[in-house]
Amino acid sequence: MSSVYSDPIHGTHPEPIDHFDRLPDSLLLLVFNMIGDVKALGRCCVVSRRFHALVPQVENVVVRVDCVISDDDCSPSSSVKSRAAGPFSTLFRLVFGGIVRPLQALGQFLGPERPSLNKTLNTSSSSSLSVGLGGGEDGEMDQGGVTHHSPTQVLRNFNELRFLRIELPGGELGIDDGVLLKWRADFGSTLDSCVILGAASVFNNVHFQVPGHGNDGFCINNGSNVGNGDDNGSIPESFYTNGGLKLRVVWTISSLIAASARHYLLQSIIAEHKTLDSLVLTDADGQGVLCMNGEQLEELRVKPLSASCASKRTLVPALNMRLWYAPHLDLPDGVVLQGATLVAIRPSEQPASKKEVSDASWLSSAFEEPYGTAAKMLVKRRTYCLEMNSF
């Protein structure tokens, strides 16, 4: 017999059917996993008790950072500044702003076993999330009347988390307009590999006239065959004398520091979520991507990272590097790279089991098109080998 409810004006009517109740939990979880965004999931928590109970079972979560503030901005005294030594030493705190209601909702599903955390997420109408690259910081921080909470806190009760993507609002490395710099790094307990693609300038040859000289100060050959091997892949002498090599060294070191700082940030999240199979820390600019698969995540749990003595980042081991260079590279879609450079990096003492069989496939798959094609073209040129000490 169907239930009824009484209406004093219109009489007795059958109770309305909630069609969501007809959907199995597995289907709702499929929808939640497709949503992914932690803010939207926070809103879902307050829809119903059923949603409230299902959201913690979501496997795929995306956390988008709204803004970044420095450690110095958060410090009440200059003593914090004195702890900084070297670049990126107190790099960032990541702040998730403008998501008050989702935070309150997430605070509700965090559960009675953490009343203090539930309280902090609901104490102020001006609250947001932050995380320091010091790693393991999951407390709260007060700044200008706004309380910032660690994403570690919000992610803590996602009990089945398998795929996590964190997106910063922009890359850490300030580069001039028109300059291309992209990197991808894979980490376990330390750096497994890193690929860096850079160019002194990038433009579309449909709209721009190719200049006679590149930003590195060396002459550019505008012939259509340049970059395809007719110059034997040799680096011109002017590359060494006009600052081209120095610029590439700066790009390489800066990218490695940014990658190691991101890796250091992730310690507490990885430690708490043992079900994680994939973790990606990227940025909205597409400048850098840090990736960790299930095997690498487990390696970090078993073998803690070695921290740099000078700053809050993972120690970069001694490295072997290979560099490919083209003064001018025409890509199939009309994009032109001047001073195109590809750098492939691996630890000097990396186990043979971690080394890729095909360098071409490993390097080209690191970047989206058209830059994957650029990597394929560059590796056909002459290879230059370099070494770098641990730092």
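- Contacts of R50 classified as salt bridge (Lys or Arg N to Asp or Glu O under 4.0 Å), with partners at least two apart in sequence or in another chain: D25.
- Counting only heavy atoms from C-beta outward, the side chains of R156 and E272 approach each other to under 4.5 Å.
- F163 shares a hydrophobic cluster with no other residue; no ILVMFWY side chain has heavy atoms under 4.5 Å from its own.
- Scored by the salt bridge (Lys or Arg N to Asp or Glu O under 4.0 Å) test, D277 finds R162 as partners (sequence neighbours excluded).
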Taking it one step at a time, do L281 and L265 satisfy side chain to side chain contact (heavy atoms under 4.5 Å, CB included)? CA-CA 10 Å; L281 179 51; L265 160 71; 3.7 Å; yes
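- D283 places a side-chain heavy atom less than 4.5 Å from the side chain of R262.
- Note: the hydrophobic cluster containing V250 does not contain V179 (ILVMFWY, side chain heavy atoms under 4.5 Å, direct or indirect links).
- Within the 4.5 Å cutoff, side-chain heavy atoms of L290 are placed close to those of M292.
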Given side chain to side chain contact (heavy atoms under 4.5 Å, CB included), test M321 with T252 step by step and report yes or no. CA-CA 10 Å; M321 301 186 293; T252 300; 3.8 Å; yes
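- The side-chain heavy atoms of L279 and F187, taken from C-beta on, include no pair separated by under 4.5 Å.
- In this structure, CG in L256 is found 6.5 Å from CE in M388, a value given to the nearest 0.5 Å.
- Side-chain atoms of S193 and R346 form no donor-acceptor pair, as typed in the model, at a separation below 3.5 Å.
- Inter-residue side-chain proximity for V336 and N204 is flagged as unmet; no heavy-atom pair is nearer than 4.5 Å.
- Although no hydrogens or angles enter the test, the distance criterion places no donor-acceptor pair under 3.5 Å between the side chain of R322 and the main chain of V343.
- Applying the side chain to side chain contact (heavy atoms under 4.5 Å, CB included) rule to A318 yields the partners S348; only residues at least two apart in sequence or on another chain are considered.
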What do the steps show when you test V280 against L164 for side chain to side chain contact (heavy atoms under 4.5 Å, CB included), and what is the final call? CA-CA 6 Å; V280 175; L164 175 61; over 6 Å; no
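- The backbone N or O of P56 lies less than 3.5 Å from no partner atom in the side chain of E160, so there is not a single donor-acceptor pair.
- The local environment of CG in N389 is sparse, with at most 12 non-hydrogen atoms from other residues, nucleotides or ligands closer than 6.0 Å.
- A donor and an acceptor atom, one from each side chain of T282 and E167, are nowhere located under 3.5 Å apart.
- F32 pairs by the ring pair (Phe, Tyr, Trp, His ring centres under 6.0 Å) definition with F51, not counting sequence neighbours.
- Q267 places a side-chain heavy atom less than 4.5 Å from the side chain of L305.
- K182 places a side-chain N or O within donor-acceptor distance of the main-chain N or O of G286, the cut-off being under 3.5 Å.
- In this structure, F158 is a member of the same hydrophobic cluster as L28, with clusters built from ILVMFWY side-chain heavy atoms closer than 4.5 Å.
- The structure places OG of S201 at 12.5 Å from CG of D177, a figure rounded to the nearest 0.5 Å.
- Remark: of the listed residues L315, T314, T190, T314 is the sole one forming a side-chain contact (heavy atoms from CB on, under 4.5 Å) with S260.
- A ring-ring contact (aromatic ring centres under 6.0 Å, His included) check over residues 265-300, counting only residues at least two apart or in different chains, returns nothing.
- Side-chain atoms of N293 come within 3.5 Å of backbone atoms of E295 as a donor-acceptor pair (strictly under, hydrogens ignored).
- Here the rule is side-chain contact (heavy atoms from CB on, under 4.5 Å) with L342, and of I196, V195, L329 only V195 fits it.
- Checking D192 against Q296 by side-chain atom types alone, a donor-acceptor pair falls below 3.5 Å.
- Using modelled atom types, no side-chain atom of T341 and backbone atom of Y325 make a donor-acceptor pair closer than 3.5 Å.
- When side chains are defined from C-beta on, V289 does not count as touching W183, because their heavy atoms never get closer than 4.5 Å.
- Inspection of the W324 and T383 side chains reveals an N or O donor paired with an N or O acceptor under 3.5 Å.
- The hydrophobic cluster containing I35 also contains V47, counting ILVMFWY residues as joined when their side-chain heavy atoms lie under 4.5 angstrom apart, directly or transitively.
- In the hydrophobic clustering of ILVMFWY residues, with side-chain heavy atoms under 4.5 Å counting as a link, L323 and V316 come out together.
- Under the 4.5 Å side-chain criterion, counting only non-hydrogen atoms from C-beta, H263 is in contact with L300.
- The same ILVMFWY cluster, assembled from side-chain heavy atoms under 4.5 Å apart, contains both V61 and V31.
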